[in-house]
Amino acid sequence: MSRPDPFSLSPQGAADMLSLSKRAVYLLIADGVLIARKAGGRTLVDFQSIRAFYESLPLKTASVPIPNAPRGRR
């Protein structure tokens, strides 16, 4: 049985879910990318805005080597 999505996460929970730092989450909140609400002293980050941000990120494509680019030692 699957659990329903939460309404919100703490900034640390959002950071963990996105593999970002907590500071990066606060910057995304300040930029209006993530929606946050206050409940007393707690900051609650809207789960749907976390999901929307993740889904807006570009897909990773295969890296193509650049001809004549310097190569590091392996």
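Index from 1, following the sequence. Hydrogens, waters and symmetry mates are skipped; everything else that's a heavy atom, side chains included, is used.
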Subject >> Nearest non-hydrogen partners of Pro11 and Lys22, listed with the distance >> reply: CB-CG, 4.1 Å

Original post:
Do you reckon Leu9 sits in the same ILVMFWY cluster as Tyr26, going by side-chain contacts under 4.5 Å, direct or chained?
Top reply: yes

**OP:** Using the test side chain to side chain contact (heavy atoms under 4.5 Å, CB included), find all partners of Gln48 that sit at least two apart in sequence or belong to another chain.
**Re:** Asp5, Asp46, Arg51

Subject >> Same apolar cluster: Val45 and Leu57, side chain cutoff 4.5 Å >> reply: yes

**OP:** Report the distance from atom OG of Ser49 to atom OH of Tyr54, rounding to the nearest 0.5 Å.
**Re:** 15.5 Å

Under 3.5 Å, which donor-acceptor pairs link side chains of residues 28-42 to any protein atom two or more places apart or in another chain?
unit_1	atom_1	unit_2	atom_2	d
Lys38	NZ	Thr43	OG1	3.1

Original post:
Among all residues two or more places apart in sequence or in another chain, which pass the side chain to side chain contact (heavy atoms under 4.5 Å, CB included) test with Phe7?
Top reply: none

Subject >> Rounded distance [0.5 Å steps], CG in Leu18 versus CD1 in Ile50 >> reply: 6.0 Å

Original post:
Can you find a pair of side-chain heavy atoms, one from Ser8 and one from Phe47, that are under 4.5 Å apart?
Top reply: no

Original post:
With side chains defined as the heavy atoms from C-beta onward, is the minimum distance between Leu20 and Phe53 less than 4.5 Å?
Top reply: yes

